[in-house]
Amino acid sequence: MLAARDRDTLEAVAQRIEEAGGRARAVPSDVARREDVEELFAAVERVGPLAALVCAAAVLTPAPFEETTVEIWEQTLAVNLTGTFLCCRAAFGAMRAAGGGRIVNIASLSGVYATDKFPGLSAYNVSKYGVIGLTEAIAVEGKALGISAICLSPGAVDTQMLRQANPELRPGLTARDVGQLIATLLDSPMVAASGANIPLFSNA
C-alpha cells in the first residue's frame, strides 16, 4: 500500500512495483489529516493484516528563525511529526491485532543531537527530533507485543525536496540508497535494534 498526496507519482511507483512482479495499490493521502490516515488504514485492513509501515512523508520550508511564521511551524510539525504519529498509532493497533509488525520512521541528521545544523531549519529540525523520540516510545510499548520500531536519520539525500530547499547542497545519498537500507531492515531481525536511531552520514 502506497500513500502520498501526489496521485500521479503514486500511480507511477505502483506501476513500477507491479512491473517488477510485486503488488501495490496507491492511496493518495495527507498524513497531517486524521481523516485521511483513518481512510488509508481502512484500505489496508481490506487488503489483509499489516506487517510493516514506513513513514517517510515530510515537508521542508527554509526560513530564518525570526521569519519562521506560525503557518510554517504548524505545517512542518503537522506533516513531519503529527503525520508520523497518526500513521504509527494506526499501524500499532493493526499490528497488535496481527501479533506483531515492524515500523521504520525516517527522521534526519537535522534531528540528531550534536550534528552540524543548517540555518533556517528550526521547524524542520524540531520535527525530526520529535520523530526520533516518538520511535523510541513506540519501541518501548511495542516490545511485549512483537512490534519493533527503528529510525533512520539520513544526511543530504538527492530528492526534489532537498533540491528546492538548498539547490547548492551536493547530496551524498540517493533515495535508492535509503530505500535499499529500509528493505534490508524490514527483511532482517530488528528486535535487538528496536528503538534505535541510525544516522546516515552522506559523506561517509
Side-chain angles (χ1 to χ4, degrees), residues 3-6 8-10 13 28-34 36-37 53-89 103-140 149-182 184-185 193-204:
R5 284 182 287 185
D6 185 337
D8 291 340
T9 301
L10 279 177
V13 173
S29 306
D30 180 352
V31 297
R33 298 184 68 253
R34 186 183 71 248
D36 279 23
V37 172
L53 170 72
V54 178
C55 288
V59 295
L60 193 165
T61 305
F65 181 64
E66 285 190 291
E67 297 174 20
T68 299
T69 63
V70 171
E71 289 75 21
I72 290 174
W73 180 269
E74 290 181 344
Q75 183 199 31
T76 303
L77 268 68
V79 174
N80 299 3
L81 183 52
T82 302
T84 301
F85 160 73
L86 291 172
C87 289
C88 287
R89 185 180 63 172
I103 295 172
V104 176
N105 289 327
I106 307 301
S108 169
L109 286 182
S110 294
V112 176
Y113 173 72
T115 60
D116 289 338
K117 303 294 190 291
F118 293 103
L121 300 181
S122 57
Y124 184 79
N125 292 353
V126 169
S127 72
K128 293 303 184 177
Y129 270 103
V131 170
I132 294 170
L134 174 65
T135 304
E136 292 178 356
I138 293 167
V140 169
I150 200 164
C151 202
L152 291 182
S153 289
V157 181
D158 186 16
T159 62
Q160 182 180 356
M161 183 177 74
L162 179 68
R163 289 192 293 270
Q164 292 175 341
N166 192 341
E168 297 180 0
L169 186 62
R170 294 187 176 183
L173 292 168
T174 66
R176 179 179 291 273
D177 294 331
V178 178
Q180 288 175 339
L181 180 53
I182 292 170
T184 299
L185 288 171
S194 188
N197 176 57
I198 302 175
L200 303 179
F201 294 93
S202 57
N203 60 348

Task: Interatomic distance, Leu86 atom CG to Arg33 atom CZ [nearest 0.5 angstrom] - done: 11.0 Å

Open item on the list: Quick one, Ile132 and Val112 - any side-chain contact, counting heavy atoms below 4.5 Å?
Closed with: yes

Task: Non-hydrogen side-chain atoms of Pro199 and Thr115 separated by less than 4.5 Å - done: no

Task: Side chain Asn125, main chain Ser122, donor-acceptor under 3.5 Å - done: no

- [ ] Please round to the nearest 0.5 Å and tell me the distance separating atom CD1 of Ile72 and atom OH of Tyr124.
- [x] 15.0 Å

Open item on the list: For a 4.5 angstrom cut-off between non-hydrogen side-chain atoms, does Leu121 reach Leu60?
Closed with: yes

TODO: Kindly indicate whether the side chain of Val126, heavy atoms from C-beta on, has any atom under 4.5 Å from the side chain of Trp73.
DONE: yes

TODO: Enter the distance from Glu74:CD to Thr82:OG1 here, rounded to the nearest 0.5 Å.
DONE: 10.0 Å

Open item on the list: For Ala107 versus Pro154, what's the shortest heavy-atom pair and its separation?
Closed with: O-CD, 3.6 Å

Open item on the list: I need the minimum non-hydrogen distance between Lys128 and Asn80, along with the two atoms involved.
Closed with: CE-ND2, 4.3 Å

Task: Pair Thr84, Asn105: side-chain N/O donor-acceptor within cut-off below 3.5 Å - done: no

- [ ] Report the distance from atom OG1 of Thr174 to atom CZ of Arg176, rounding to the nearest 0.5 Å.
- [x] 7.0 Å

Task: Step-by-step side chain to side chain contact (heavy atoms under 4.5 Å, CB included) determination, Leu53 to Cys88 - done: CA-CA 8 Å; Leu53 170 72; Cys88 287; 4.1 Å; yes

- [ ] Could you pull out the closest heavy-atom pair between Ala156 and Leu169, with the gap in Å?
- [x] CB-CD2, 3.8 Å

Open item on the list: What I'd like to find out is whether the side chain of Ser127 reaches to under 4.5 Å of the side chain of Leu77, using heavy atoms alone.
Closed with: yes

Open item on the list: For a quick test of reading the model, state the closest non-hydrogen atom pair linking Tyr129 to Tyr113 and the distance between them.
Closed with: OH-CA, 3.8 Å

TODO: Please tell me if the side chains of Leu200 and Asp177 come closer than 4.5 Å, counting only heavy atoms from C-beta onward.
DONE: no

Task: Criterion side chain to side chain contact (heavy atoms under 4.5 Å, CB included) on Ile150 and Ile198, from CA distance to verdict - done: CA-CA 8 Å; Ile150 200 164; Ile198 302 175; 3.8 Å; yes

Task: For the student: nearest non-hydrogen atoms of Val31 and Cys87, plus distance - done: CG1-SG, 3.8 Å

Open item on the list: Using 0.5 Å steps for rounding, measure from the SG atom of Cys151 to the CD1 atom of Ile138.
Closed with: 9.5 Å

Task: From Ser110 atom OG to Asp116 atom CG, the distance as rounded to the nearest 0.5 Å - done: 10.5 Å

Open item on the list: For a quick test of reading the model, state the closest non-hydrogen atom pair linking Ala56 to Ile106 and the distance between them.
Closed with: CB-CG1, 3.8 Å

